[in-house]
Trainee: 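The structure under discussion is supplied below as structure tokens; questions concerning it will follow.
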Protein chains: 2
Amino acid sequence: MLNETNAQCPVARALEVLGDRWALMILRDAFDGLRRFSEFQKNLGLAKNILASRLKLLVESGLLQLQPASDGSAYKEYVLTEKGRSVFPLVIALRQWGERFLFEAGEARSALLEQATGQAIAPLQVRTEDGRVLRPEDCQRRLVRHG
Amino acid sequence: MLNETNAQCPVARALEVLGDRWALMILRDAFDGLRRFSEFQKNLGLAKNILASRLKLLVESGLLQLQPASDGSAYKEYVLTEKGRSVFPLVIALRQWGERFLFEAGEARSALLEQATGQAIAPLQVRTEDGRVLRPEDCQRRLVRHG
DNA sequence: CCGTATCCATTCCGATACTG
DNA sequence: CAGTATCGGAATGGATACGG
């Protein structure tokens, strides 16, 4: 997918790992606390061979890590690494965008922002380091390229 | 891709639109100021028929909008709608994650956060509405489901 | 339970040629 | 310039069977 220009683009590189159809769904479930192969499979409803290959990719990419099962059983668990946990803002961005634009009025949107903490999440905003909110128009032609 | 469980998940819905191999790359370029068919094609290096179908999808999904060309030529331009501009934090999240984890030390990372504004972007953080930083561990089992 | 191996259907993508 | 039409190959996904 990457040509020479885009090989230097961090967005393009990130999409090489995360742009897959299942990667972010698996990570979403991992953030939800899922760890076991069968849990992912049940919740995602995808074929086992596909799940196996995606999990392997995520492990190889360093987003997930295989660990002994926490319940003492003989099996392994897939747990997020620091690199994987760092995808959190991305998943939240997806979630907020989906909530805002992809639900009809009738679909109980109000409940969607509630968390286990009982505390709503504030909308993600892009800010400069001095605290100003940065809008897309403000950084045209510099989002991608280096020079 | 969506089963019944995930059809109600805003992350899954968002990925139905944005999880495509090209959608976020096109939007990235749109944030960079690209508007014309040929500009996208040149920068992304994908086949014209593919680009045409993706642009059509993005227009149908309400992320892009066809407008008369700003330079007075006879052609049309693809410009971001409000819905499309709202993907901005997501692209920034991708970018920051890519910069942090997908570049080696030798690859001039320092320049990557510079913007046209000359001002660095602060790392995106997920916060509750009362201002506390929210980490993934804090909201297990409530990221996706409603009930 | 946790995968791997195999097979098949479908979808996606790139290249090319063509049109207004 | 901005697409559409067509085609072949590659990648993807699902189902099933099998093994540790």
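Quick caveat: nothing in here was measured; it's all calculated off a predicted structure. Naming: A, B, ... by sequence-line order, numbering from 1 per chain.
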Trainee: Any side-chain N or O of A/Lys48 less than 4.0 Å from the OP1 or OP2 oxygen of D/dA17?
Mentor: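 No, because none of the side-chain N or O atoms of A/Lys48 sits under 4.0 Å from OP1 or OP2 of D/dA17.
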Trainee: Using a 4.0 Å heavy-atom cut-off across all strands, classify B/Lys42 as base, sugar-phosphate, or nothing.
Mentor: nothing
Trainee: Would you call B/Glu39 and B/Lys42 a salt bridge, taking side-chain N to carboxylate O under 4.0 Å as the test?
Mentor: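 No, no charged N to carboxylate O under 4.0 Å.
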Trainee: To the nearest angstrom, how far is B/Leu58 atom CG from D/dG3 atom P?
Mentor: 13 Å
Trainee: Please list every donor-acceptor pair under 3.5 Å in which a side-chain atom of residues 45-69 of chain B meets a protein atom from a residue at least two apart or in another chain.
Mentor:
unit_1  : atom_1 : unit_2  : atom_2 : d
B/Ser53 : OG     : B/Ile50 : O      : 2.9
B/Arg54 : NH1    : B/Asp20 : OD1    : 2.5
B/Ser61 : OG     : B/Leu57 : O      : 2.8

Trainee: Could you check whether A/Phe40 gets within reach of a base, just the sugar-phosphate, or nothing at all, counting any heavy atom under 4.0 Å?
Mentor: nothing
Trainee: Show each protein N/O and nucleotides 10-14 of chain D N/O combination with a separation under 3.5 Å, one pair to a line.
Mentor:
unit_1 : atom_1 : unit_2  : atom_2 : d
D/dG13 : OP1    : A/Trp22 : NE1    : 3.4
D/dG13 : OP2    : A/Arg54 : NH2    : 2.8
D/dG14 : O6     : A/Asn49 : ND2    : 3.2

Trainee: To the nearest Å, how far apart are B/Lys56 NZ and D/dG3 P?
Mentor: 9 Å
Trainee: Do the side chains of A/Arg127 and B/Ile92 get nearer than 4.5 Å, heavy atoms only?
Mentor: no
Trainee: Over its full length, what angle do the end axes of the helix from C/dG3-D/dC18 to C/dG20-D/dC1 make, each axis taken from five pairs and the result rounded to 10 degrees?
Mentor: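 Angle reported: 40°, given to the nearest ten degrees.
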Trainee: With a 3.5 Å distance limit and no angle check, can you tell me whether A/Arg35 reaches the backbone of A/Val79 through a side-chain donor-acceptor pair?
Mentor: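 Here the side-chain-to-backbone pair does not exist.
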Trainee: For the side chain of B/Asp32 and the backbone of B/Leu27, is there at least one donor-acceptor N/O pair under 3.5 Å apart?
Mentor: no
Trainee: Applying ring-ring contact (aromatic ring centres under 6.0 Å, His included), name anything that partners A/Tyr78, two or more places apart in sequence or on another chain.
Mentor: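 Not a single residue meets the ring-ring contact (aromatic ring centres under 6.0 Å, His included) criterion with A/Tyr78.
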Trainee: Would you confirm whether A/Gln96, through its side chain, and A/Ala93, through its main-chain N or O, come within 3.5 Å as a donor-acceptor pair?
Mentor: no
Trainee: Taking 4.0 angstrom as the limit, do A/Arg36 and A/Asp71 come out as a salt bridge?
Mentor: yes
Trainee: D/dC1 P sits how many Å from B/Leu51 CG, rounded?
Mentor: 14 Å
Trainee: Give me the first and last nucleotide of DNA chain C, going 5' to 3', that has any atom under 4.0 Å from a heavy atom of chain A.
Mentor: C/dC1 to C/dT6
Trainee: Applying side-chain contact (heavy atoms from CB on, under 4.5 Å), can you list everything that pairs with B/Arg13, at least two apart in sequence or on another chain?
Mentor: A/Leu102, A/Phe103, A/Glu107, B/Gln8
Trainee: Can you name the closest pair of heavy atoms from A/Trp97 and B/Ala14 and give their distance?
Mentor: CE3-CB, 4.0 Å
Trainee: I'd like to know if A/Glu16 and B/Arg21 make a salt bridge, using a cut-off of under 4.0 Å between side-chain N and carboxylate O.
Mentor: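 A salt bridge is absent here (no side-chain N lies under 4.0 Å from a carboxylate O).
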